[in-house]
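Beneath this line is the structure, given in structure tokens, with notes to follow.
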Amino acid sequence: MAIPKTIGVETEYGILLRGTEESNPIAASSLLINAYLNAERDGPAPRVGWDFEDESPGMDQRGFAPLGSMPPEVETHLVNAVLTNGARYYVDHAHPEISTPECTNARDIVLFDRAAELIAIRSMEAADHVLPAGQNLVVYKNNSDGKGNSYGCHENYLVDRATPFSRIVTHATAHFITRQIFTGSGKVGSEAPGITSEEVPFQLTQRADFFEEEVGLETTLKRPIINTRDEPHADAQKYRRLHVIVGDANMSQVSTFLKVGTTAIVLALIEDDFLPREHIFAAPVQAMREVSYDLTLAKPYELASGASITAIQVQWDLLEQGKKYVEERGTENVGGDVAHEVLRRWEDVLTALEDDPMQLATQLDWVAKYRLMQSFRDRHDIAWDDARLAALDIQYHDLRPARCLFNKLGVEAIVDDSEAIEAMLSPPTDTRAYFRGECLKRWPEQIVAANWDSMVFDVGDEPLRRVPMMEPTRGTREHVGNLFTECDSAADLLERLGN
Amino acid sequence: MAEREQKKRPAPRESEEKIEATPVASEEGEKLKSELDDLLDEIDEVLETNAEDFVKSYIQKGGQ
């Protein structure tokens, strides 16, 4: 049975220390984050550390860890902070990473993803004050350096534990291969071995080049389309957290909105066994890349059944089922009213992609970037392998407002920055992130550490108290809002919670 | 052999040819073109000055 989708997105950003030859990305990431934490200690970043008590990223959804697989490491010694909006800001794999707080719908994900960008921008400004003159730190929201090194933007969706994992694998794989036509951030060339600029001058996504397996536990090598990490950060008897590693980091809010909104709907369809047709690709890894390489969107792919289908046809089919689902079962499990906007935009985008993708130059990342590159090539009469296009590709994702090329393209925004500025400080009100964030705002001195599913308090005489939060949809304003108006101290709060 | 053609039309796509084949011969088309020109002027201004060095210097560690 479908459950309401709790969703989070974690973004690893590219980072560059400019104005010096020395470059240590871990030191640069630490400096960036520490500069923010020092500047905002009285505001959104009260210096509360992450609690690693319950981390076990080596657990596998399939119930076993295959021989020779490499469980991800947990880097416990690097800077790792919890913010008053419920987000986590830390160094991961030599990149600064921000995880949004838990949200219930695609619009809130867009909001807190934009807040994360603003946090990165504020961090760069704070770092400039600390760095020697002539040096500055620059953050890029992309997924590859163009030289074969990739870093991720992962989505997380809470799903019903009872849903057979094999059913998730079947249908989610078809969605992940085909949603690339609107989720891609665009990339000049290919980083897959042996593919030339003539063969792939430009592709839809940043990430497709880096997927080598269909299903697996890895995230940093031999990346799988379906990641099997089984670490729900919630009641493991009831929930799975599907960890999605195939997506691009999007600059376009419309792309992020659709990426998350359509996936939440598809997962509800899977949980409720609402998908009559299976689209099992004969060669999923190959299809993943070929969809990304095919700018005409017209290429048919062979299915295991022997039939063939285009990416856009798979998406039309999923949309049709999604509409039917919402008509019959409502929007409770797919983001409430926001689901109607997801369906509307999903249909609009598929219609335009089928007619002429260039109509979406102010909607989708890959189209905006492609049009920019085409115009640039026309003006300067250059080939696709010209270094200026590679520079333009990177700079599209430069988060410095004055340098960011994306900012200049007039792409539609779904949320206002005024709202996102508030979201740098305050958590969503309808998940446990509300409890985490509001506690951190009020009583940072009494909080020893926090993580997704618990908080540890120190209120003086007693031993440390851990407050478990195993239900992601509890601890909302509706549930605990009155506690915050009625309690004067963390000790009060703990007493009330204990009763 | 294919170099010149590749420069001009590296990724053949029907839709785009459609745009090129039927230019909007109106004020609106002119306006669009001038907006795009302004945009490209602006981009020429902010684009990294030494593209080749910049692209070389942009090296990241592989992440997740």
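Side chains are part of it too, since the values below use all heavy atoms of this structure and drop only hydrogens, waters and symmetry mates. Protein chains get the first letters and strands the later ones, always in sequence-line order, with residue 1 at the start of each.
- Proximity to chain A (any heavy atom under 4.5 Å) is restricted, for B:L39, to the side chain, taken from C-beta onward.
- With a threshold of 4.5 angstrom between heavy atoms, A:K408 approaches chain B through its backbone and through its side chain.
- Other residues, nucleotides and ligands contribute over 12 non-hydrogen atoms within 6.0 Å of the CD atom of A:Q135.
- For chain B, the nearby parts of A:I15 are the backbone and the side chain; heavy atoms of each come within less than 4.5 Å.
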B:Q60 vs A:N142, side chain to side chain contact (heavy atoms under 4.5 Å, CB included): CA-CA, chis, key distance, verdict = CA-CA 11 Å; B:Q60 300 290 309; A:N142 60 5; 5.9 Å; no

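- Of all the listed residues (A:E10, A:R388, A:H154), the one sharing the greatest number of non-hydrogen pairs under 4.5 Å with chain B is A:H154.
- With a 4.5 Å cut-off on non-hydrogen atoms, B:N50 does not touch chain A at all.
- Annotation for A:L372 and B:I43: closest pair CD1-CD1, 3.1 Å, computed over non-hydrogen atoms.
- A distance of 8.0 Å separates CZ in A:F376 from CG in B:L40, rounded to the nearest 0.5 Å.
- Between atom CG of residue A:L405 and atom CG of residue B:L47 there is a gap of 6.5 Å, rounded to the nearest 0.5 Å.
- Here the shortest heavy-atom pairing between B:L36 and A:S375 reads CD2-OG, 3.6 Å.
- Inter-residue side-chain proximity for B:D41 and A:R379 is flagged as met; some heavy-atom pair is nearer than 4.5 Å.
- Annotation: the span from B:K61 atom NZ to A:E12 atom CD amounts to 13.5 Å, rounded to 0.5 Å.
- A:L392 touches chain B through backbone and side chain together, each having a heavy atom under 4.5 Å away.
- Rounding to the nearest 0.5 Å places CD of B:E48 at 4.0 Å from CZ of A:R18.
- A donor and an acceptor atom, one from each side chain of B:Y58 and A:D393, are nowhere located under 3.5 Å apart.
- Here CG of A:L17 is found 10.5 Å from OG of B:S57. Values are rounded to the nearest 0.5 Å.
- Using a 4.5 Å cut-off between heavy atoms, A:D294 does not touch chain B at all.
- The choice from A:V200, A:D398, A:L16, A:I394 that makes the most heavy-atom pairs within less than 4.5 Å of chain B is A:I394.
- Heavy-atom contacts from other residues, nucleotides or ligands closer than 6.0 Å to NZ of A:K147 number more than 12.
- For the atom pair NE2 of A:H95 and CD of B:Q64, the computed distance is 9.5 Å after rounding to the nearest 0.5 Å.
- For B:D38, no part lies under 4.5 angstrom from a heavy atom of chain A.
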